[in-house]
Chemist: 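Structure incoming, see below.
All heavy atoms count here, side chains included; hydrogens, waters and symmetry mates do not. These numbers were taken from a predicted model, which means no experiment stands behind them.
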Amino acid sequence: MSVHCDYFARAQCRSCPSIEQPYNEQLFRKQHALQQLLLPWPALHWLPPIASKPHGFRNKAKMAVGGTVDRPTLGLVALAGGAQDLADCLLYPPELQQAFAPIKRFITAANLTPFDVIKRQGELKFVLLTLAEHSGELMLRLVLRSRESMSRIEKALPVLRAALPALKVVSINLQPLPAALIEGPEEILLSEQHALCMQLNGIPLYLRPQGFFQTNTAVAAALYRQAQRWVTDSQPANVWDLYCGVGGFSLHASNAERKVLGIEISAEAVEAARRSAAEMGESRVQFEARDAGDIRLPTRGAPELVIVNPPRRGIGAALCEQIEGSDTGWLIYSSCNPVTLIADLQRMPSLAPQQAQLLDMFPHTAHSETLVLLKRS
């Protein structure tokens, strides 16, 4: 069954180019395209793909602010001018959809002028709203051009909190540049609570305002469960989790006998991962704040299993060389870009792909996540 979207039908939004195709056909085409790309490894066994809900699956809304102070819009702002309100977008669950109206009233109450991309005037650029699905709690981030409106925001915030009791984390992100960057480097917290607990498979993962988290909670949980099964089956005594973020793979890989080391360049993400490990009593899981791309794996005595979850650019030639030249027996590669995934696999010929799975994080688009298990041959 396909999803009918009024925004798409009226050509007001093209963010979901495949939304008019039946979802089972979308999933089949993604799986077929991925299998074709991985034909150089004919012995690879494909697990059944993980489907997403076709609507209401996003836990995060990135809404450009348009319109006027009295009638703000949340959705898209065209470079040629004009705004499209997407408050009723089918990708968002009811908890997010119902929060947009109170946020619009808050924008008016705080006299936050929407930023005009043509005139380069105004203050409020984006509203970023995240939902913790297990609890219903929300995190709100306001992307502003300057600090000019901070006092008005703080004054109006209690009314917003009363209208949205689930709102637990609130922050301002400063992005003074006129460029098409959504976020700037400076974050100002306005709430006592500094992180949103995103619980997956019973494991608490803490998302801070500038942190990264998969936008499809249910499919992310399935991703971690499959990696956990592969770790259990291979029974490594020690695991390194590179690009570990807030510790999702690391904490799913842990048990009482296994040593796990998570490495992540973001100090805030590492702090969040340590908080999760402490709450779980996982003393054998350690986290370090350093660049995973710069690690040095020993030729002998390397971790028995390595997990990598890189950004779209992949892990690159240097890290592939480190893994290829080590005695690591197993590799789990989580990829959001099949092109860089294949390039990296070709750089590690001693590690043969054994199993793979497509996880559809992003229905109605060409994007998905791929999880691959490799074993040293």
Chemist: Quick one: salt bridge (charged side-chain N to carboxylate O under 4.0 Å, His left out) partners of Glu324, sequence neighbours excluded?
Modeler: none
Chemist: Mind listing the closest non-hydrogen atom pair of Ala302 and Thr328 along with its distance?
Modeler: CB-OG1, 3.4 Å
Chemist: Mind listing the closest non-hydrogen atom pair of Asp360 and Val219 along with its distance?
Modeler: O-CG2, 3.7 Å
Chemist: Considering non-hydrogen atoms only, spot the tightest contact between Ser254 and Val285 and give its length.
Modeler: CB-CG2, 3.3 Å
Chemist: Please report the interatomic distance CE(Met139) to CG(Leu128), rounded to the nearest 0.5 Å.
Modeler: 8.5 Å
Chemist: Please report the closest heavy-atom contact between Ile182 and Asn173, naming both atoms and the distance.
Modeler: O-OD1, 4.5 Å
Chemist: With no hydrogens and no angle check, is any side-chain donor or acceptor of Asp116 less than 3.5 Å from a backbone partner on Gly122?
Modeler: no
Chemist: When rounded to the nearest 0.5 angstrom, what is the spacing between OG1 in Thr113 and CD in Glu123?
Modeler: 7.0 Å
Chemist: What residues, two or more places apart in sequence or in another chain, satisfy side chain to side chain contact (heavy atoms under 4.5 Å, CB included) together with Asp294?
Modeler: Asp291
Chemist: For the residue pair Arg120 and Phe115, would you count it as a cation-pi contact if the rule is NZ or CZ under 6.0 angstrom from the ring centre and within 45 degrees of the ring axis?
Modeler: no
Chemist: Would you say Tyr333's side chain and Pro310's backbone share a donor-acceptor pair under 3.5 angstrom?
Modeler: no
Chemist: Suppose we screen for side-chain hydrogen bond (donor to acceptor under 3.5 Å, both in side chains). Which residues come up paired with Arg284, at least two apart in sequence or across chains?
Modeler: none
Chemist: Is a salt bridge present between Arg208 and Glu187, judged by a nitrogen-to-oxygen distance below 4.0 Å?
Modeler: no
Chemist: So with a 6.0 Å cut-off around CD of Gln36, is the heavy-atom count from everything else above 12?
Modeler: yes
Chemist: Check this for me: Arg10, atom CZ, are more than 12 non-hydrogen atoms of other residues, nucleotides or ligands nearer than 6.0 Å?
Modeler: yes
Chemist: Please name the pair of heavy atoms, one in Ser234 and one in Leu305, separated by the smallest distance, quoted to 0.1 Å.
Modeler: OG-CD1, 3.3 Å
Chemist: Calculate, to the nearest 0.5 Å, the distance between atoms CG and CG belonging to Leu371 and Leu223 respectively.
Modeler: 5.0 Å
Chemist: Does the side chain of Gln226 come under 3.5 Å of the side chain of Arg229 through a donor N or O and an acceptor N or O?
Modeler: yes
Chemist: Sequence neighbours left out, what passes ring pair (Phe, Tyr, Trp, His ring centres under 6.0 Å) with Tyr224? Give chain and number order.
Modeler: Phe249, His252
Chemist: Is a donor on one side and an acceptor on the other found under 3.5 Å between the side chain of Arg152 and the backbone of Asn111?
Modeler: yes
Chemist: For residues Tyr92 and Met63, report the shortest heavy-atom separation together with the two atoms involved.
Modeler: OH-SD, 3.5 Å
Chemist: Has Ser368 got a side-chain atom pairing as donor or acceptor with Leu359's backbone, closer than 3.5 angstrom?
Modeler: no
Chemist: Holding to side-chain hydrogen bond (donor to acceptor under 3.5 Å, both in side chains), I want the full list of residues that pass it with Ser52, two or more places apart in sequence or in another chain.
Modeler: Asn216
Chemist: Can any side-chain N or O of Glu264 pair as donor or acceptor with the backbone N or O of Ala292 at less than 3.5 Å?
Modeler: no
Chemist: Which residues satisfy the salt bridge (charged side-chain N to carboxylate O under 4.0 Å, His left out) test with Glu282, sequence neighbours excluded?
Modeler: none
Chemist: Residues two or more places apart in sequence or in another chain: which of them pass side chain to side chain contact (heavy atoms under 4.5 Å, CB included) with Arg275?
Modeler: Ala195, Tyr206, Glu279
Chemist: Taking distance alone, no hydrogens or angles, what donor-acceptor pairs closer than 3.5 Å link side-chain atoms of residues 235-243 to residues at least two apart or in another chain?
Modeler:
from: Asn238; atom 1: OD1; to: Glu304; atom 2: N; distance (Å): 2.9
from: Asp241; atom 1: OD2; to: Ser250; atom 2: N; distance (Å): 3.0
from: Asp241; atom 1: OD2; to: Ser250; atom 2: OG; distance (Å): 2.6

Chemist: Does Thr340 reach the main-chain N or O of Arg312 with its side chain, forming a donor-acceptor pair under 3.5 Å?
Modeler: yes
Chemist: Between Gln84 and Thr73, do the side chains contain an N or O donor and an N or O acceptor separated by less than 3.5 Å?
Modeler: no
Chemist: For Pro93, what residues pass the side chain to side chain contact (heavy atoms under 4.5 Å, CB included) criterion, not counting sequence neighbours?
Modeler: Glu95, Leu96, Leu131
Chemist: Please check this pair: side chain of Gln355 against backbone of Leu373, looking for a donor-acceptor N/O pair closer than 3.5 Å.
Modeler: no
Chemist: Do Lys375 side-chain atoms and Gln354 backbone N/O form a donor-acceptor pair below 3.5 Å?
Modeler: no
Chemist: Do NZ/NE/NH1/NH2 and the carboxylate oxygens of Glu186 and Arg147 come within less than 4.0 Å?
Modeler: yes
Chemist: Backbone N or O of His367 within a donor-acceptor pair of the Lys30 side chain at under 3.5 Å?
Modeler: yes
Chemist: Using side chain to side chain contact (heavy atoms under 4.5 Å, CB included) as the criterion, list what pairs up with Gln98, not counting sequence neighbours.
Modeler: Pro94
Chemist: Can you check whether Ala9's main-chain N or O pairs, donor with acceptor, with Gln12's side chain at less than 3.5 Å?
Modeler: no
Chemist: Of all residues at least two apart in sequence or in a different chain, which pass the side-chain hydrogen bond (donor to acceptor under 3.5 Å, both in side chains) check with Glu183?
Modeler: Arg141
Chemist: Of all residues at least two apart in sequence or in a different chain, which pass the salt bridge (charged side-chain N to carboxylate O under 4.0 Å, His left out) check with Arg161?
Modeler: none
